[in-house]
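Read the numbers this way: they start at 1 and go in the same order the structure lists the ligands and their atoms.
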Amino acid sequence: MNNVTVSRKAHFNAAHRLYRKDWDDAQNNAVFDKCSNPYYHGHNYELIVSVTGKIDTETGYVMDMKVLKDLIKEHVEEPFDHKNLNEQVAEFASLNPTAENMAVVIWEKLRPHITSAHALSVTLYETPRNFVQFSGPN
Ligand code: NI
């Protein structure tokens with residue numbers, strides 16, 4: 001039977017700083033430029049979570065979108081929205097909160113709550129033009 005992908009969009013605002021504690025200011029500036037500003041900066045993140053699987057013959061759904069909406073709210077929006085990611089989100093205490101690492105963290109947070117019969121993909125927009133996608137380990 002057909003595989004169908006259903007997607008849910010979500011949004012959060014968060015602050016971050018890209019830097020390595022083991023590098024000096026000059027090296028952090030050379031690599032991360034304005035993103036290593038010690039006073040942090042913010043982004044309006046747009047998130048797309050996609051779930052792929054068979055259509056349930058009883059409901060006609062791949063997945064109840066209300067359930068997906070609530071999972072994103074509980075596991076991503078509530079812990080990330082209006083937070084300083086470096087300082088307030090445990091996953092980034094020693095992991096640079098790049099869009100790449102954020103997409104992996106979001107995927108890892110959601111994966112246990114979605115049936116293993118379904119594939120999961122996370123797309124994270126850091127700006128309207130810059131976005132990353134993670135669909136699980138290779
Ligand atoms: Ni940034």
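Trp23 and Phe32 have parallel rings, their planes meeting at less than 30° on a 0 to 90° scale where 60° marks the start of perpendicular.
Under a cut-off of 6.0 angstrom, the local environment of OH in Tyr40 is crowded, with over 12 non-hydrogen atoms contributed by other residues, nucleotides or ligands. In Lys9, the NZ atom is not crowded: 12 or fewer heavy atoms of neighbouring residues, nucleotides or ligands sit closer than 6.0 Å.
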For residues 70-79, which side-chain N or O atoms pair as donor and acceptor with protein atoms under 3.5 Å away, sequence neighbours left out?
{"residue": "Asp70", "atom": "OD2", "partner": "Lys66", "partner atom": "NZ", "Å": "2.8"}
{"residue": "His75", "atom": "NE2", "partner": "His113", "partner atom": "NE2", "Å": "3.3"}

Tabulate below the donor-acceptor pairs under 3.5 Å that side-chain atoms of residues 89-100 make, not counting sequence neighbours, or state none.
{"residue": "Glu91", "atom": "OE2", "partner": "Lys109", "partner atom": "NZ", "Å": "3.4"}
{"residue": "Asn96", "atom": "OD1", "partner": "Tyr19", "partner atom": "N", "Å": "3.0"}
{"residue": "Thr98", "atom": "OG1", "partner": "Asn101", "partner atom": "N", "Å": "3.1"}

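Considering only residues two or more places apart in sequence or on other chains, Arg20 meets the salt bridge (Lys or Arg N to Asp or Glu O under 4.0 Å) condition with Asp22.
Around the Ni ion (ligand 1), the protein atoms of type N, O or S that sit closer than 2.8 Å are His16 NE2, His41 NE2, His43 NE2.
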